[in-house]
Amino acid sequence: MNDQPSRWSQATVYPDMWADPGDDPRDNGGTPDGELPTLQDYLTNYRITLRMKCEGLDAEQLARRSVPPSTMSLLGLVRHLAEVERDWRGWLGDPLPKLYGVRDGDFDGAVADQAVVDAAYADLEREQAETDAALARYPDLGERVGKDNISIRELLVHRVEEYARHCGHADLLRECVDGRVGQ
C-alpha cells in the first residue's frame, strides 16, 4: 500500500500549470511599466500563488508537516509570511513585537484548527496591508530608511524574494498533501 498521493493538475490546457490560463487570477492581461509597478505586480502574483496553493484544503491538510523532520506546513507558511510582513515594517523604524511570540512560533503554532487557519489569513491580510501602506509613504525607491540605512527598493525586492522562495516550498508541500502540481 502506497500512502503517497498521485500527482495531478487541475489544468487541462497545459498539464504543468496550476490552472488553465482563463482561470488563472494572476493573469492581469498586461505587463507593468516602471520599476515600482513591476515589483508590486510580482509581489501581488506571488501572494496570489500562495493562496492558490492553499485553496481547497481543510485545516488538517493545511497544518500537515509534509516533509519530516521539517516543521514547515502550508499553514505555517501563511503565518510565517504574516510575521515577515510585520518584520519588514520594523526596518522602517523600531522593531515590532512578534505576532506568534517565540522564535518559530509561526510554524510550531500552525495546528489543525479552523480558528487558527482563519486567524492566520486575517493576520496575513492585515500585515500585508499595513506594510504596503507603510512603504507607500516612500515614493523614491532609492530612499534609505531605518537604523540600517536600507533602501525602499531593497525592502521591496526582499519581499518579492521571500514570497518567491516560500511559494517554491508551497509547491512541494501541496504536492505532498494531495498530489496537486503546477506552477
query = Does the side chain of Trp8 come within less than 4.5 Å of Asp178's, by heavy atoms?
reply = yes

task = State, to 0.1 Å, how close Ser73 and Ala63 come at their nearest heavy-atom pair, and which atoms those are.
result = CB-O, 3.5 Å

query = Does any non-hydrogen side-chain atom of Leu155 lie less than 4.5 Å from one of Tyr138?
reply = no

Criterion salt bridge (Lys or Arg N to Asp or Glu O under 4.0 Å) on Arg79 and Glu83, from CA distance to verdict = CA-CA 6 Å; Arg79 289 167 50 99; Glu83 192 77 76; over 6 Å; no

inquiry  = I'd like to know whether Gln128 forms a side chain to side chain donor-acceptor pair (under 3.5 Å) with Asp132, so could you lay out the CA-CA distance, the side-chain angles of the two residues, the decisive distance to 0.1 Å, and finally the verdict.
reply    = CA-CA 6 Å; Gln128 287 172 338; Asp132 290 346; over 6 Å; no

note = Note: Gly56 and Gln61 closest approach over all heavy atoms is O-OE1, 4.3 Å

inquiry  = Under 4.0 Å between a side-chain nitrogen and a carboxylate oxygen: does that hold for Glu85 and Arg159?
reply    = yes

ask   = Are any non-hydrogen side-chain atoms of Lys53 and Cys167 less than 4.5 angstrom apart?
value = no

key: Beyond-backbone contact of Ile152 with Asp140, side-chain heavy atoms, under 4.5 angstrom   = no

task = Run the numbers on Asp24 and Arg26 for salt bridge (Lys or Arg N to Asp or Glu O under 4.0 Å), then give the verdict.
result = CA-CA 5 Å; Asp24 194 333; Arg26 298 167 295 188; 2.8 Å; yes

ask   = Same hydrophobic cluster for Val78 and Val177, using side-chain heavy-atom links shorter than 4.5 Å among ILVMFWY?
value = yes

ask   = Do Leu96 and Trp91 sit in the same hydrophobic cluster, where Ile, Leu, Val, Met, Phe, Trp and Tyr count as joined when their side-chain heavy atoms come under 4.5 Å apart?
value = no

ask   = Going by heavy atoms in the side chains, are Arg126 and Leu99 under 4.5 Å from each other?
value = yes

key: Linked, directly or transitively: Val111 and Leu173 (ILVMFWY side chains, under 4.5 Å)   = yes

query = Just wondering, do Phe107 and Leu77 contact through their side chains at under 4.5 Å, heavy atoms?
reply = yes

query = Do the side chains of Tyr46 and Val160 get nearer than 4.5 Å, heavy atoms only?
reply = yes

task = Would you indicate whether the side-chain heavy atoms of Pro21 and Tyr14 approach each other to under 4.5 Å?
result = yes

Geometric class of the His166/His80 ring pair [parallel <30°, tilted 30-60°, perpendicular >60°] = perpendicular

query = Ignoring hydrogens and geometry, is there a side-chain-to-backbone donor-acceptor pair from Arg174 to Gly182 under 3.5 Å?
reply = no

key: Minimum heavy-atom distance between Arg153 and Gly142, given as atom pair plus value   = NH1-CA, 3.8 Å

Verdict with reasoning, Glu55 to Arg51, per salt bridge (Lys or Arg N to Asp or Glu O under 4.0 Å) = CA-CA 6 Å; Glu55 71 187 12; Arg51 286 187 171 272; over 6 Å; no

ask   = Could you walk me through whether Arg86 and Asp106 pass the salt bridge (Lys or Arg N to Asp or Glu O under 4.0 Å) check?
value = CA-CA 12 Å; Arg86 184 178 186 88; Asp106 41 5; over 6 Å; no

